[in-house]
2 protein chains.
Amino acid sequence: MARVRKTVTIRDVAEDAGVSLQTVSRVVNGGPNVRPQLRDKVRASIDRLGYVPSLAAQRMSGSRSYIILAINDRERTLADWRARLGTDWVDQMLLGGILTCSQHGYRMMVELVDTHSDHVERELGAALSALQPDGVILTPPHSENRLITQLLAERNIPFARIGSNAPGPGIPLTMGDESAAHLATSRLIELGHRRIAMIAGPSQYSLSGWRIDGWKRALDEAGLPHDGLLEVGDFGYASGTRAARALLDRHADLTAIIGSSDQMTLAALEVARDRGLAVPHDLSLISFDNTPIVRFSQPPLTAVDQPIAETVSRAVEQLIARGPDGDDDAVIEVPAGLVERSSTAPPPVEAPAQAHAHAPGRA
Amino acid sequence: MARVRKTVTIRDVAEDAGVSLQTVSRVVNGGPNVRPQLRDKVRASIDRLGYVPSLAAQRMSGSRSYIILAINDRERTLADWRARLGTDWVDQMLLGGILTCSQHGYRMMVELVDTHSDHVERELGAALSALQPDGVILTPPHSENRLITQLLAERNIPFARIGSNAPGPGIPLTMGDESAAHLATSRLIELGHRRIAMIAGPSQYSLSGWRIDGWKRALDEAGLPHDGLLEVGDFGYASGTRAARALLDRHADLTAIIGSSDQMTLAALEVARDRGLAVPHDLSLISFDNTPIVRFSQPPLTAVDQPIAETVSRAVEQLIARGPDGDDDAVIEVPAGLVERSSTAPPPVEAPAQAHAHAPGRA
DNA sequence: ACAAGTCTTGAGAACGCTCTCAAGATGCGC
DNA sequence: GCGCATCTTGAGAGCGTTCTCAAGACTTGT
């Protein structure tokens, strides 16, 4: 029925140009020893016939696969995922990776793996065997998952560990969490805050610790206390609500909170609103991540801008450039910036007689 | 140096189980005629060795590629893309596609193509040759791009056209834009609104027209006017600002606006705030898309929930199920719902003497 | 002008899989 | 128990590419 369009193969080009397969292959791959005249002739044939090498065949004969694999959690339903959209790393990472891969003639594939169970090894192993990617990108918390990193190292597949600075196989990349937290805290101190709390992420993420470190360092440098000013969440909204309430209950004099994720900080914003605290006049808020949602909250949140897309982009470039070797384990740091929006201001003046510039919000 | 782990091939399994390659292949692919006893033996070997067929090799020998390709605009920088995150279709589509592909043993790849110029043909052609995908997913406005659909039809590659209901090659899927707009408008009428404006999307998107149709139909059914109540934007924030201002300038008695994208509606929200109009008490707003950002605006927006992820999911399933044939061109409609949040309310009572329930917002 | 190189080109095998086709094993009807 | 049909198994070719290696063409130095 349908006219089956025969794919143009290297053989067609060879015949058309009157040369051998090998010569065409050399031209395509920029091989070194081809007479210019012949090369042009072959190129003309390639253009005329619209030849493009088949990735599958290339892979078969031992060349690269031109595939970079990004590992992600499975066990999320569509609804789950929709709920996390715009909130999560996934999309930013995808876009950074896809764009950069595309620019280098690579493709990015996302592999969903059940990272929690010990199926990891089997599932990931299967994906690696099937796809034979030229590189793998790991994001937290997978970057520090032994099972995963060992499997990759064993198979001799180059991989990037984002959000990990431990020595060992794989290219470590970080986003300057410690300095970012230090910067955010310092900014609040500069504004006059003296009670600055933090809602941290879960401890199995190294970056949670780094952020706490930066916060503490800034506090210490200014001679400010941090006892009882730390709460731990799981990056999700509900945990942020819980943490913010606990902090506010405990410290009546709290004037600023740094949240370790946009979700948690947004939750803190909600808690503040519920308690009649105006942000930023009564309470300043700084968030971590700077995903799109914080631009549209009321007020828009000041946030540490985690350069996720850029970091993934760097990771891809590293993987492509290094190829199969790569014992260089210098940590690559893509620094985070602070985007000041409207959730930060000087703290309210302490004397109760002194009225605020405006009404304290709804009761 | 590094112990190069030899990949487990079908040959290894064959030797291990003491059978021929062909038998292993049959077991792997669920071939029909294998003695149960032998099959179990082969399966045991497969498990023991951890054999997984190489996709590249499978593809080479004429089988499927197990790849679904999603076409997207190139010509976006990382910054561009970050700005659109959480706002755009891309991520929702990606996630729906990736998840569904994964469930069926397929993979989704995103191909960035310069869809505007006439490079399309060359770029897309190259991608198709290189990847040889089993199916392609087109989103608006590519779904209606002749150059693209023709190329795909010519090559005999199954493809889905999301947001298109025109006859022709490819599986058409829509998201009930007409009824969704009708529903949204009816809801506003029900609340008592009589002046309901729409900020539509650009006309090269069929769905823009469908939404206008639904809006008009609801208005007509209620005997309400629509003259001068339509503005056209480009889905972007700036165009929403322009459109909202124009509408508000023109009609002092306007009490509701339907925006054809979250960005545009958020812009309208901002314009309302600037003019001292409280949402929803002075002005009701309904948005289209329901991307994550509208949950966190103040107030959260009532929105038509475009089931993008679900639609892409359906598209993937169709492509996988149909395989190479597919002359069934019945339009598949995944209906959109309306998520009511806090940007809709009855219109203010017309008599100027009647005070609102609260202050009219900042000047 | 001749030997010893370097460039250029091509022939053939190999990659891991599935397809086609033929041969052997097994079942059925009488 | 024999002939035929059906099941089961395997051998070999082929998919489109790159790799290895060898042969021929062209330099260069003397």
Side-chain angles (χ1 to χ4, degrees), chain A residues 4-42 45-46 49-67 105 126 128-132 134 323-324, chain B residues 4-42 45-46 49-67 105 126 128-132 134 323-324:
Chain A
V4 179
R5 231 189 75 107
K6 170 103 174 53
T7 323
V8 179
T9 78
I10 199 173
R11 176 164 285 110
D12 300 323
V13 177
E15 274 173 23
D16 185 83
V19 299
S20 75
L21 303 187
Q22 180 49 32
T23 302
V24 179
S25 176
R26 268 193 276 258
V27 171
V28 169
N29 299 309
N33 297 327
V34 181
R35 199 157 32 103
Q37 186 191 342
L38 235 196
R39 173 154 40 86
D40 292 344
K41 192 171 166 190
V42 173
S45 293
I46 290 177
L49 300 175
Y51 166 72
V52 177
S54 146
L55 274 189
Q58 286 193 134
R59 169 63 247 182
M60 274 294 304
S61 50
S63 130
R64 303 182 169 199
S65 64
Y66 296 100
I67 290 176
L128 296 178
S129 299
L131 257 25
Q132 296 171 279
D134 291 340
Chain B
V4 179
R5 231 190 75 105
K6 172 102 175 53
T7 324
V8 179
T9 77
I10 198 173
R11 175 165 286 111
D12 300 324
V13 177
E15 273 173 22
D16 185 82
V19 298
S20 74
L21 304 187
Q22 181 49 30
T23 302
V24 179
S25 175
R26 267 193 277 259
V27 171
V28 170
N29 299 309
N33 298 325
V34 180
R35 198 155 34 100
Q37 186 193 340
L38 235 197
R39 174 153 39 87
D40 293 343
K41 191 171 168 194
V42 172
S45 292
I46 289 177
L49 301 175
Y51 167 71
V52 176
S54 147
L55 274 189
Q58 285 192 136
R59 169 63 246 182
M60 275 293 303
S61 51
S63 131
R64 302 183 170 201
S65 64
Y66 295 101
I67 290 176
L128 296 177
S129 299
L131 257 24
Q132 295 171 280
D134 291 340

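The model shown is predicted, which means the values in this text are computed figures rather than measured ones. Below, chains carry the letters A, B, ... as their sequence lines are ordered, and counting in each starts from 1. No hydrogens, no waters, no symmetry mates; every other heavy atom, side chains included, goes into these values.
Side chain of B:Asn29 to main chain of B:Ser25: a donor-acceptor pair is present (N/O by atom type, distance under 3.5 Å, no hydrogens or angles). Remark: the backbone N or O of A:Gln132 is paired with a side-chain donor or acceptor of A:Ser65 at under 3.5 angstrom. Remark: side-chain polar atoms of A:Asp134 are paired, donor with acceptor, to backbone N or O of A:Tyr66 under 3.5 angstrom.
Within 4.0 Å (heavy atoms only), B:Gln58 reaches sugar-phosphate atoms of the nucleic acid but no base atom. Residue A:Arg59 is out of contact with every strand shown, counting any heavy-atom pair closer than 4.0 Å. At the heavy-atom level, A:Val28 lies nowhere under 4.0 Å from the strands shown.
Across the protein-nucleic acid pair, B:Asn29 atom CG and C:dT18 atom P stand 5 Å apart, rounded to whole Å. The separation between A:Gln22 atom CD and D:dT18 atom P is 8 Å, rounded to whole Å. Between A:Arg11 atom CZ and D:dG14 atom P there is a gap of 10 Å when expressed in whole angstrom units. The interatomic distance linking B:Gln37 (CD) with C:dA25 (C1') rounds to 14 Å, in whole Å. Atom-to-atom, CG of B:Leu38 to P of C:dT26 comes out at 12 Å; the value is rounded to the nearest Å. Following rounding to the nearest Å, A:Ile10 (CD1) and C:dA14 (P) show an atom-to-atom distance of 19 Å. To the nearest angstrom, C1' of C:dT9 lies 10 Å from CG of A:Asn33. Note: NZ (B:Lys41) to C1' (D:dT8) measures 15 Å, nearest angstrom.
In this structure, CD on A:Gln58 lies 11.0 Å from CE on B:Met60, to the nearest 0.5 angstrom.
Listed nucleotides C:dC17, C:dT9, D:dG16 differ in distance to B:Met60; the shortest reach to its side chain belongs to D:dG16. Which of C:dC17, D:dT17, C:dT8 sits closest to the side chain of A:Ala57 comes down to D:dT17. Comparing atom distances between the B:Leu21 side chain and each of C:dG10, C:dT18, D:dT9 picks out C:dT18 as nearest. Comparing D:dG16, C:dC17, C:dT9 by their closest approach to the side chain of A:Thr23 singles out C:dT9.
Checked by distance alone, A:Ser61 brings no side-chain donor or acceptor within 3.5 Å of a matching partner on the base of D:dT18.
A:Tyr51 has a side-chain polar atom (N or O) that falls below the 4.0 Å cut-off from OP1 or OP2 of D:dT17. Phosphate proximity of D:dT18 to A:Ser25: present, with a side-chain N or O under 4.0 Å from OP1 or OP2.
The side chain to side chain donor-acceptor pair (under 3.5 Å) with B:Ser45 is formed by just one residue from the set B:Asp16, B:Asp40, B:Asp12; it is B:Asp16.
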